[in-house]
Amino acid sequence: MPIALIDCNNFFVSCERMFNPELEGKPVVVLSNNDGCAVARSNEVKALGIKMGEPWFRMKDIAKQHGIIALSSNYALYGDLSARVMTALAEFSPQQEVYSIDECFLDLSSFDPDTLSDYGQKIRETVKRNVGIPVCVGIADTKTLAKLANYCAKKGLAGKNGVCDFGLLNDKQCSELFASIPVGEVWGVGRKMTESLAKLKITTVEDLRCASPEYLRQQFSIVLVRTVNELNGIPCIELEEAGTPRQQIMVSRSFPAPISALDDLSESVACYTTRAAEKLRRDASVATSLCVFIQANPFKENEEQYSRSLVVPLIQPTDHTGRLVNAALSGLKSIYKPALRYKKSGVLLMGLHEKGASQRTLFDGPAEQSRSDKMMYVMDMINQKIGKDSATVGANGTRQQWAMPKEQKSSSYTTVW
């Protein structure tokens, strides 16, 4: 069953280049929250040896030397463009699995195998023309092989023009190709497993593909056995058209500088709860409880270490921002300890289930629920039309001195005009 894995090239950087063509051909890095470390790198930056996750303060000298352009993350832009890419890709197959913000699988089993490579080129050209994002396409008989084919397409190891179809390679060509690829490039094989496999003299994809499944099951788990089967063209991981409903929603951030005041912590917790409630309503779910947590800086050994969390049950499952914020703030007051320097706070919504499936309380009538739903609907519509936080709860504050700095953030070109 041929499967295609479409992956956007350097996605965050490509999004920035769409609206700022002057960045084309220049070394560009997109930084994480608080402008901390690299979460996306252009090919020019990768060529300089800068790794994913490299802290910005360590890059500053080489950035100055080579003219690296650093940009703050613009998640609103990236999320919107991701939705546009996935919508464009959905036209190419009756079955689509959105795997991440910049990747998706397409079922190509109903297409002529001899035309799949050309079809992959059509996919690339259409996405580039209609959305503006460059992609690479990997085609194979299993999801694991499709991921590997996409890697080969990006690295130019097989295929051409950003498309690699393993169906065009014979057994000898596959063996030679797999023998040249480190085993760590296999989907699901992480750093620690790579080290463990190296001790067994399994260092390439071909070594893993030819290894004994029973022996690997004894040494590792059934998961690695499935990976080996997938590398041998035996499908073990099904294509999932609909994502599994979320069981939890977390919103958490580190502060750019430590804070101590309860008012500042309260603002941050209220703001994070507001974000979580918006995600909850988008999923058409309600929460039955929430967990609020705060943490001092674990890297400051000379300061008192403190990390606490508290689960707050909700009387009635809800998606109402005000009720969730009240519950989170009451939990925060219980775990707050004065005179400490806090580096992080967050909220976790738990026990999520479909809205309308929960049993009402004796005192929660249909009229009250209807008013609550209408209020949240109006708030979401205002924020969607005018801009984020145009209508929100007062507990979020207005100054937000604890908020993340985004000194190099680009405009939200497609969401906030």
Side-chain angles (χ1 to χ4, degrees), residues 7-24 26-46 48 50-60 62-64 66-86 98-104 131-135 249-257 259 267-269 271-276 278-279 282 295 343-347 383-384 387-389 392 396 400-417:
D7 188 6
C8 301
N9 299 344
N10 307 324
F11 181 55
F12 291 176
V13 173
S14 295
C15 291
E16 298 288 351
R17 284 174 167 172
M18 271 187 63
F19 296 94
N20 188 358
E22 293 183 356
L23 298 177
E24 290 287 350
K26 296 181 180 178
V28 179
V29 62
V30 175
L31 303 176
S32 63
N33 294 333
N34 294 317
D35 294 343
C37 56
V39 293
R41 304 156 296 155
S42 67
N43 290 334
E44 295 80 7
V45 171
K46 294 177 182 178
L48 296 174
I50 294 177
K51 298 180 180 179
M52 180 70 82
E54 186 79 12
W56 172 239
F57 72 89
R58 292 182 183 172
M59 286 188 272
K60 284 188 176 180
I62 191 172
K64 187 175 181 180
H66 295 279
I68 296 177
I69 301 170
L71 300 171
S72 302
S73 298
N74 188 344
Y75 296 119
L77 175 65
Y78 310 151
D80 183 68
L81 291 179
S82 171
R84 298 182 186 210
V85 169
M86 299 309 164
V98 178
Y99 179 66
S100 68
I101 192 172
D102 62 345
E103 293 177 281
C104 87
V131 185
I133 299 294
V135 301
I249 294 176
M250 175 183 283
V251 179
S252 174
R253 299 284 188 275
S254 295
F255 307 127
I259 62 176
E267 283 186 2
S268 70
V269 168
C271 188
Y272 300 155
T273 306
T274 300
R275 295 283 88 78
E278 291 170 350
K279 295 181 180 181
R282 283 199 294 269
Q295 182 182 24
K343 185 62 177 174
K344 187 176 185 179
S345 69
V347 171
N383 290 330
Q384 181 178 340
K388 187 174 70 173
D389 292 336
T392 187
N396 287 6
Q400 297 185 349
Q401 296 179 343
W402 46 269
M404 296 184 300
K406 291 194 173 183
E407 300 174 357
Q408 305 297 327
K409 178 180 173 293
S410 56
S411 301
S412 298
Y413 299 103
T414 62
T415 55
V416 181
W417 288 10

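Because the structure is a prediction, the values reported are computed rather than measured.
- Counting only heavy atoms from C-beta outward, the side chains of S345 and F255 approach each other to under 4.5 Å.
- Note that OH of Y78 and CD1 of I101 are 9.5 Å apart. Values are rounded to the nearest 0.5 Å.
- Every residue two or more places apart in sequence or in another chain that forms a side-chain hydrogen bond (donor to acceptor under 3.5 Å, both in side chains) with S410 is listed here: E16, N74.
- Side-chain contact between N33 and Y75 is present, with at least one heavy-atom pair separated by less than 4.5 Å.
- By the 4.5 Å heavy-atom criterion applied to side chains, I62 and I50 are counted as neighbours.
- Ring planes of Y413 and F19: parallel class, angle under 30° (limits at 30 and 60°).
- Scanning for side-chain hydrogen bond (donor to acceptor under 3.5 Å, both in side chains) contacts around R41 gives an empty result, with sequence neighbours left out.
- Donor-acceptor pairing under 3.5 Å is recorded for the side chains of S72 and D35.
- To the nearest 0.5 Å, atoms CE (M59) and NZ (K51) are separated by 13.0 Å.
- Here the options are N20, L71, I68, the test is side-chain contact (heavy atoms from CB on, under 4.5 Å), and the partner is V28; only L71 passes.
- Interatomic distance, CG of N10 versus CZ of R17, reported as 7.0 Å (0.5 Å rounding).
- Counting non-hydrogen atoms of other residues, nucleotides and ligands closer than 6.0 Å to CD of E22 gives a total of 12 or fewer.
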